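Just so it is clear, the structure is predicted and the values come from calculations on it, not from any experiment. Quick note on labels: first sequence line is chain A, next is B, and so on, each numbered from 1.
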Amino acid sequence: MLDIKTIRENPEIIKEKLIQRNENTETIEKIYELDKRRLELIHKTETLKEERNKVTDEIAVMKRNKEDATERIAEMKKVSDNIKSLDEELKKYDGDIDLLLKYVPNIPHDSVPFGKSEKDNVEIKVSGEKKGFDFKVKDHVQLGKDLDILDFERGAKISGSGFALYKGKGAGLERALINFMLDEQGKNGYREVLTPVLVTRESMEAAEKVPKFEEDMYYMEKDNMFAIPTAEVSILNIHRNEILKQEDLPVKYCGFTNCFRREAGSYGKDTKGFLRVHQFNKVELINFCSPEESYSEMEKMLSHACGILDKLGLHYRIIELCTADIGFAASKCYDIEVWSYAEDKWLETSSVSNCTDFQSRRAMVRYKKQLENNKTKTEFVHILNGSGLATSRLMVALLESNQTKEGNINVPDVLRRYTGFDII
RNA sequence: AGAGAGAUGGCUGAGCGGUUGAAAGCGGCGGUCUUGAAAACCGUUGUGGCCUCACGGUCACCGGGGGUUCGAAUCCCUCUCUCUCUGCCA
């Protein structure tokens, strides 16, 4: 969430930034007004509380001296009732403001290119070139079927459309990819974690996924729990309500999990095979760092994600998202897309975001900052997340790119020690 | 799932409903002593909101949320979590 203080002090700047994101400014105006009234209430109720505290002490003294205090007590009863009703009103304001705040996105960084839609995203790098195939390429669904390594029909039988069944060397390849990516990110300084995939509402709120995106989440009503859409949620919550040490920053984690997405509202889009599934596998990178270093850390994370694709020898590009397209919690975002020969288009396989203090403010992840005068200040960390990487669309590109004329798949060199086989 | 015990400041651990924002110890920081260090001694040591240019003032916070009361860390309800015992289970 945004800092209410920033909204209070610079509402115009915030509004301007939100307009860049194609957001309306009504919510901010509403928050601004409610906050003003809220402050007035705080003054009123705190003045009364001050009085009550003073008189209450007097009553204590009188009681000790065995004096009669009934008059003062009666007086304070009135004051207390007054406080109670003011506090109730105040609580309503708090709730209203907080609810509105939950729907206001992070503000874009100054470096983010302005745009009105995803069409205005900026391609900043293309790595490698398209291979020339001297035969007609098969798509991943066909390859998976012919080689009997992917079974979307049976996946659908088990769980409905959008669920994949990996078989034999397909399952082995997936497992190899995950292990390979975890090892690589470990070398990049990320500590591996294996987290829960079912999380509480509180954890989802801390990650700013709920309530705004509640419809996109699998939710278990009986236990009030959500299936995570990304390991970002569980890893971020490792340090919820904690104060980190400055010398430990940046704190970096990588973790593999299944990811679950309802993909509500995207029916009929990219329905084929792995292009859009309800459950996929992903190695996630999370970085808790100081505000000073978050944008440089972001560049490093981008290179860590790209490193996987480099080693796998895949053709990919990096896109910098424009103001209209960056995610809700992000102030800046890069997407990495791999080339699909069969689909003849780019597929998003990673997204690296700097969420600045947007999530840490709600999740209360802070660090003690050493100041020059030997004092310390507790400050919110910046939280970055990046996929390193998601396997489903990666698998599409991997299978297609490495297919042979005979319809087999050559396993990339770097994966062979993980798979134990070099051809499918 | 059933029975019981518990949750207090960075940690350990006190706390008859009224000078308790919270004893004591440890740790941390500053100082004295020392060639230096240790020990010893002295001092200091939570977070957040609001007002103030500032000094400072004030409010809130003893797992979360309610309640009783003039007044709650302390009493009541509820939720969560941890531990012990029983049951079930990968």
Side-chain angles (χ1 to χ4, degrees), chain A residues 1-10 31-99 101 194-206 210 220-226 234 237-249 251 258 357 360-381:
Chain A
M1 64 174 162
L2 291 183
D3 186 1
I4 184 75
K5 238 186 218 170
T6 315
I7 296 174
R8 187 184 300 152
E9 284 160 12
N10 301 302
I31 291 172
Y32 183 80
E33 287 306 319
L34 287 172
D35 177 60
K36 227 160 76 179
R37 303 231 289 278
R38 180 176 156 270
L39 283 188
E40 286 165 17
L41 268 176
I42 287 176
H43 284 292
K44 267 196 217 168
T45 181
E46 289 200 350
T47 309
L48 288 177
K49 279 180 186 170
E50 187 178 350
E51 188 193 346
R52 183 181 66 184
N53 287 345
K54 283 202 177 111
V55 177
T56 288
D57 284 347
E58 285 171 32
I59 292 171
V61 173
M62 291 169 86
K63 289 257 181 187
R64 224 173 294 140
N65 297 340
K66 306 263 193 264
E67 290 171 40
D68 179 36
T70 48
E71 207 173 298
R72 310 242 70 185
I73 287 174
E75 226 175 277
M76 281 310 102
K77 189 170 175 57
K78 273 189 204 140
V79 173
S80 261
D81 286 346
N82 210 341
I83 290 173
K84 205 183 225 174
S85 69
L86 284 174
D87 271 348
E88 253 164 55
E89 204 180 334
L90 185 60
K91 216 163 150 190
K92 244 197 82 202
Y93 276 91
D94 284 341
D96 289 350
I97 290 170
D98 193 52
L99 185 64
L101 227 35
L194 186 60
T195 67
V197 295
L198 258 36
V199 301
T200 58
R201 178 175 291 275
E202 205 181 353
S203 289
M204 284 296 250
E205 283 184 351
V210 153
M220 276 133 278
E221 196 173 4
K222 203 166 178 180
D223 298 290
N224 193 20
M225 291 186 97
F226 293 87
S234 19
N237 276 282
I238 291 173
H239 292 301
R240 171 153 51 92
N241 287 330
E242 288 186 18
I243 296 175
L244 305 175
K245 289 187 188 140
Q246 186 172 20
E247 61 265 31
D248 291 341
L249 302 183
V251 175
N258 300 303
D357 56 2
S360 60
R361 184 170 295 107
R362 180 148 323 262
M364 288 293 279
V365 186
R366 296 172 295 172
Y367 76 106
K368 272 228 191 298
K369 184 181 187 174
Q370 197 58 239
L371 299 178
E372 282 184 15
N373 53 0
N374 212 8
K375 292 203 168 127
T376 58
K377 187 178 178 244
T378 312
E379 203 168 68
F380 292 112
V381 298

From U58(B), A60(B), G49(B), nucleotide with atom closest to Glu50(A) side chain: U58(B)
Any strand: nucleotide that pairs with U35(B) via Watson-Crick or wobble, under 3.5 Å: none
Full working for side-chain contact (heavy atoms from CB on, under 4.5 Å) between Arg201(A) and Met204(A): CA-CA 5 Å; Arg201(A) 178 175 291 275; Met204(A) 284 296 250; 5.5 Å; no
Position toward the 5' end of RNA chain B (nearest nucleotide), Glu51(A) or Ile59(A): Glu51(A)
Any-strand Watson-Crick or G-U partner of U47(B), both distances under 3.5 Å: A60(B)
Touch class at under 4.0 angstrom, heavy-atom based, for Thr47(A) against every strand present: nothing
Touch class at under 4.0 angstrom, heavy-atom based, for Leu39(A) against every strand present: sugar-phosphate
Counterpart base for U80(B), defined by Watson-Crick or G-U wobble contacts under 3.5 Å: A7(B)
Listed nucleotide nearest any side-chain atom of Ser80(A), set C70(B), C59(B), U47(B): C70(B)
Touch class at under 4.0 angstrom, heavy-atom based, for Lys49(A) against every strand present: sugar-phosphate
Touch class at under 4.0 angstrom, heavy-atom based, for Arg38(A) against every strand present: nothing
Position toward the 5' end of RNA chain B (nearest nucleotide), Lys54(A) or His43(A): His43(A)
Selected nucleotide, minimal atom distance to Lys5(A) side chain, candidates U68(B), G18(B), C50(B): C50(B)
